Each structure stands twice: as structure tokens, then as C-alpha cells.
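Computed from a prediction, not measured in an experiment: that's the story for all the values here.
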Amino acid sequence: MDKLQMKTPLVEMDGDEMTRILWQQIKEELLEPYIDLKTEYYDLGLPHREETGDQVTIDAAQANKKYGVAVKCATITPNAQRVEEYKLSQMWKSPNGTIRAILDGTVFRAPIMVKGLNPVVKNWQAPITIARHAFGDVYKAAEYKVPGPGKAELVFTASDGAETRQTIHQFDGPGVLQGQFNMEASITSFAHSCFQFALDTRQDLWFSTKDTISKQYDHTFKDIFAAVYEEDYKAKFEQTGITYFYTLIDDAVARVIRSKGGFIWACKNYDGDVMSDMVSTAFGSLAMMTSVLVSPDGNYEYEAAHGTVTQHYYRHLKGEQVSTNPMATLFAWTGALAKRGELDGLPELTAFARKLEKAAIDTIESGVMTGDLVGLWEGAAKPRKVTGLEFLRAIRERLCAPTKTEVKHL
């Protein structure tokens with residue numbers, strides 16, 4: 001059959017280790033046979049980031065701003081062990097953190113719901129979407145290892161030279177320091193993104209921080225959300241029949257566990273990072289979580305919310321067969337293609353992406369799945385464990401099978 005045509009390229013950000021292997025397999029098995037795939041390619045694999053001094057990550061983010069839609073593979077954020085393993089010149093920052101800082105967006109993460117994979121929290125009946133602020137905090141923090149006794153101060157020098165000092169701690173021995181920041185403009189963008197997404201999806205919005213302890217930093221988030229809601233969204237929320245709710249992060253955790261799901265939970269950067277892993281695991285698997293970064297000016301970056309599946313990669317290098325779940329990476333591609341089709345007026349492209357998603361879910365519901373899901377399976381069909389590539393080929397077989405309507409007309 002004729003391949004589907006694209007008008008505007010996707011920004012393609014390749015990644016590392018096992019997810020890099022799956023990335024290519026997804027393209028070969030499920031995309032290139034059906035789409036005249038147009039992408040502007042950036043290799044964000046750790047070796048190439050080292051070669052370019054991480055300039056490739058900045059270039060990829062700028063390309064995302066140019067073309068509007070990107071799809072990103074999972075990448076390594078190096079620690080000391082990775083610096084030695086890859087012979088790095090320095091411990092490069094998180095590519096995701098760099099991209100988020102440039103786009104100034106909000107990350108929305110939601111579980112992929114499949115019949116037969118029931119949430120660990122039995123009362124959860126609908127997906128919980130995590131809205132993660134994607135700027136500043138610990139991901140852009142300055143750190144210092146204190147060598148010995150001394151005084152640590154927080155110093156701010158205004159543009160006119162005026163200086164403000166505040167003692168952080170009087171050290172009587174070695175320790176560590178961390179200074180983090182955020183911007184009111186970015187927090188305001190975060191608030192608008194969350195409220196607008198809630199209206200678009202007709203879901204209640206919860207927001208949580210620890211303002212009782214962080215009376216300046218976290219309280220600023222709380223105040224900005226409250227002001228934005230009152231000024232721009234309260235009437236729209238009431239008209240739509242949805243609610244905005246603020247509470248402390250520890251209270252939110254308890255409420256989330258007792259809830260039925262079906263709402264958006266907005267969190268600061270680190271909180272969202274941790275809670276999205278908790279939510280995705282409780283719904284089934286880290287590999288069953290969609291993730292999209294949405295910027296205030298309408299740019300989208302779709303990615304898998306999990307890591308590079310390092311242990312599977314090491315086994316793959318030894319020639320072993322591994323059962324790596326490609327769902328989150330596949331849904332990053334389908335999300336990006338669907339959005340590209342929507343923005344470019346190509347409904348056939350969007351429809352194909354949704355058909356591919358359905359084929360993937362139907363494949364699992366038929367009992368064919370990767371190893372991470374077998375132990376969680378409660379469906380009627382007997383589960384059959386397959387490798388990641390075998391799973392992709394099972395999806396392709398289902399994708400190519402004629403529908404009941406098509407069979408009827410044969």
C-alpha cells in the first residue's frame with residue numbers, strides 16, 4: 001500500500017542502551033513500512049553528547065522549538081560510574097533537564113491502561129495524570145561539598161549592587177550544600193499549562209507542595225497557582241464542572257492512595273519525578289507510562305518516562321534474548337505522530353497512530369506480553385512471554401490483520 005505522507009518533520013532524539021535498540025526496531029517494524037517518515041535526527045546517545053560537549057542536546061531542543069513536535073528516546077544521566085565507563089570529560093547534566101529548561105514546559109505523564117493489568121491500588125479505576133513542573137529546582141541546582149568547619153551563606157546581589165546575606169548553616173565539620181532556584185515566570189507558565197490541560201481533558205486538578213516548611217520557596221508556587229486560578233480559570237472550571245484543589249504533598253499522597261483516580265496531580269519538578277514512577281508502577285509497570293512535555297508556546301516533546309534498561313542491554317551485548325517492554329517508547333512515537341498529524345491537518349497520520357496504539361494494547365490483552373507484565377497479569381488469556389522484538393512483530397501482525405468490516409466485504 002502507499003505510505004502515509006508527512007508535511008513537517010519530527011525532531012527525532014535518539015538515546016542510549018536497550019531503549020536505543022528498541023527505538024530502531026520500532027521504526028523498522030511499525031513505522032517505516034507504513035509512513036514516509038520524515039525526521040530531523042539528533043543523536044543524544046552519551047558518546048555523541050561527549051563528542052559535542054553536550055551541544056547536541058541544546059541543538060535538539062532548539063529544533064523542537066522550530067518544528068513544534070519532537071520524539072525522544074531514553075538517555076543516560078551519568079553518575080560517577082558512568083563517567084568512568086564511558087570515559088567522559090565531565091558528569092554531563094540530564095538531557096531531559098536541559099531540554100525542559102530550554103522549552104520551559106510541563107511534563108504530563110499518565111499510565112497506559114490495559115484490561116488484565118489491574119492497579120496495585122485496588123480502588124484506582126481511572127488513570128492518574130502526573131503534571132510535573134519541568135524547570136529549575138534540584139535539576140539546575142548548584143552544589144558544593146563542604147571540606148570542613150565554616151559558615152555557609154545565601155548571598156543575593158541585586159543589579160544595582162545591593163547585597164542581601166542570610167546564614168544557611170554554621171558547619172563544625174564536613175558536609176554538603178545545595179542551592180536551587182526557580183522563576184516566577186516559569187511557575188506561572190506551569191500553572192497555566194496545568195489549568196488548561198485540566199480544562200482540555202475535563203479532569204479535576206490537584207496541586208501539592210510543602211509550603212508549611214518551605215515558607216518562601218514552596219509558598220510562592222502555592223500563591224501563584226491560587227492567583228492564576230482566581231484570575232483566569234475559576235469561572236471556566238465552575239462552568240465545566242471540574243475543581244481545583246490544593247493540599248500539602250504528604251496529605252496529597254494519602255488522598256491519592258484512597259482515591260478512585262481520574263484526575264491530574266500537579267507537582268514540583270522532583271516531586272513529579274518520584275510520584276510518576278510510583279503511579280506508573282502501581283498501575284502496572286514503568287514501561288506502561290506515557291510522557292509529554294508541553295511548553296507554553298505550544299511545543300511538544302514525547303518520550304518514555306523510564307530509563308535506558310541497562311541490565312537488559314548488558315545481557316543483549318552477551319547475545320542473550322531479553323524481554324524488554326517497548327510500550328512507553330512506542331507510545332512516544334505514536335503520540336508525536338498523532339500530534340504532528342493534528343497540527344499539519346493530516347487526519348490519516350493521526351488515525352494510524354491511534355490504530356497502532358490500539359493494536360499494541362490488543363496484543364497484550366490477547367495474552368502476548370513482555371516479562372515485566374507476566375507476573376502482573378490477571379486477564380482471561382494465558383500469558384505468553386516474548387522478547388521485545390517478538391512483541392513488536394506481534395503488534396505488526398495485528399496491525400496488518402483485516403478488520404471485521406474488511407473481512408465482511410471480502
Side-chain donor-acceptor contact under 3.5 Å, N123 with R258: no
Worked verdict on I224 versus Y229 for side-chain contact (heavy atoms from CB on, under 4.5 Å): CA-CA 8 Å; I224 288 175; Y229 176 68; over 6 Å; no
Donor-acceptor side-chain pairing of T8 and D344 below 3.5 angstrom: yes
Steps toward ring pair (Phe, Tyr, Trp, His ring centres under 6.0 Å) verdict (F237, F195): CA-CA 9 Å; F237 267 53; F195 288 124; 5.7 Å; yes
Ring-face cation contact, Y300 with K339, 6.0 Å cut, 45° max: yes
T310-E17 side chain donor-acceptor pair, cut-off 3.5 Å: yes
Side-chain donor/acceptor of T290 to backbone N/O of R109, under 3.5 Å: no
Residues T209, I249; criterion side-chain contact (heavy atoms from CB on, under 4.5 Å); working and verdict: CA-CA 5 Å; T209 69; I249 183 71; over 6 Å; no
Test item: T19 side-chain N/O and G15 main-chain N/O as donor-acceptor pair under 3.5 Å: no
Test item: side-chain donor near acceptor, W265 and S208, under 3.5 Å: yes
Point-to-point distance, once rounded to the nearest 0.5 Å, from OH of Y246 to CZ of F225: 10.5 Å
Interatomic distance, K27 atom NZ to W333 atom CH2 [nearest 0.5 angstrom]: 5.0 Å
Distance-only side-chain donor-acceptor flag, D271 / N269, under 3.5 Å: no
From CA spacing to verdict: side-chain contact (heavy atoms from CB on, under 4.5 Å), R20, T308: CA-CA 8 Å; R20 188 182 181 98; T308 56; over 6 Å; no
Other residues, nucleotides, ligands: >12 heavy atoms within 6.0 Å of Q321 CD: no
Inter-residue atom distance T387.OG1 - H312.NE2, 0.5 Å rounding: 11.5 Å
Nearest heavy atoms of M6 and R340, plus distance in Å: CE-CG, 4.1 Å
Residues in salt bridge (Lys or Arg N to Asp or Glu O under 4.0 Å) contact with K66, at least two apart in sequence or another chain: none
Over all atoms of both residues, closest heavy-atom pair of M327 and A360: SD-CB, 3.7 Å
Heavy-atom side-chain proximity of V176 to Y144 below 4.5 angstrom: no
pair F283-I128: side-chain heavy atoms closer than 4.5 Å: yes
Partners meeting side-chain contact (heavy atoms from CB on, under 4.5 Å) with Q125 (sequence neighbours left out): K260
Ring-face cation contact, F352 with K355, 6.0 Å cut, 45° max: no
Within 45° cone and under 6.0 Å: K140 NZ/CZ vs F135 ring: no
4.5 Å side-chain heavy-atom contact, P111 and M288: no
Contact summary for G371 and S323, nearest pair of heavy atoms: N-OG, 2.7 Å
Over-ring placement of R384 relative to F391, 6.0 Å and 45° cut-offs: no
Y217 and D137: CA distance, side-chain angles, deciding distance, side chain to side chain donor-acceptor pair (under 3.5 Å) verdict: CA-CA 10 Å; Y217 199 100; D137 295 352; 2.4 Å; yes
Check: E303 and C73 side chains under 4.5 Å, non-hydrogen atoms: no
Between H133 and S186, a side-chain donor and acceptor under 3.5 Å: yes
Main-chain N/O of A381 paired with W377 side-chain donor or acceptor, under 3.5 Å: yes
Between CG on residue D14 and CG on residue L44, distance to nearest 0.5 Å: 8.5 Å
Side chain T350, main chain P347, donor-acceptor under 3.5 Å: no
Pair Y34, R396: side-chain N/O donor-acceptor within cut-off below 3.5 Å: yes
Inter-residue atom distance I112.CD1 - N325.CG, 0.5 Å rounding: 8.0 Å
Short side-chain donor-acceptor distance under 3.5 Å, T220 and E184: no
Candidate pair L10 and Y67, rule side-chain contact (heavy atoms from CB on, under 4.5 Å), full reasoning: CA-CA 7 Å; L10 293 174; Y67 291 108; over 6 Å; no
Side chain to side chain donor-acceptor pair (under 3.5 Å) assessment of E301 paired with N64: CA-CA 7 Å; E301 184 236 343; N64 196 164; over 6 Å; no
Side chain to side chain donor-acceptor pair (under 3.5 Å) between D16 and Y313, intermediate numbers included: CA-CA 9 Å; D16 289 295; Y313 180 62; over 6 Å; no
Evaluation steps, salt bridge (Lys or Arg N to Asp or Glu O under 4.0 Å), between E390 and R393: CA-CA 5 Å; E390 289 170 340; R393 287 175 173 167; over 6 Å; no
Side-chain donor-acceptor contact under 3.5 Å, N96 with K72: yes
T240 side chain near L199 side chain, heavy-atom distance below 4.5 Å: yes
Donor-acceptor contact below 3.5 Å, side chain H219 vs main chain D211: no
Test item: side-chain donor near acceptor, Y42 and E40, under 3.5 Å: yes
pair P95-R49: side-chain heavy atoms closer than 4.5 Å: yes
Donor-acceptor contact present, side-chain S280 to main-chain D277, <3.5 Å: yes
Side chain to side chain donor-acceptor pair (under 3.5 Å) between D54 and T57, intermediate numbers included: CA-CA 6 Å; D54 209 30; T57 305; 2.7 Å; yes
Taking every non-hydrogen atom, the tightest pair across F171 and G148: CB-O, 4.1 Å
Main-chain N/O of T212 paired to K215 side chain as donor or acceptor, under 3.5 Å: yes
Distance-only side-chain donor-acceptor flag, Y244 / D204, under 3.5 Å: no
Where A287 and D372 come nearest, the two heavy atoms and their spacing: CB-OD2, 4.1 Å
Any donor-acceptor N/O pair, R100 side chain to L293 backbone, under 3.5 Å: no
Distance (rounded to the nearest 0.5 Å) between T247 OG1 and K222 NZ: 9.0 Å
Any V107 side-chain heavy atom under 4.5 Å of S276 side chain: no
Check: K3 main-chain N/O paired with Q5 side-chain donor or acceptor under 3.5 Å: yes
Side chain to side chain, V294 and F197, heavy atoms closer than 4.5 Å: no
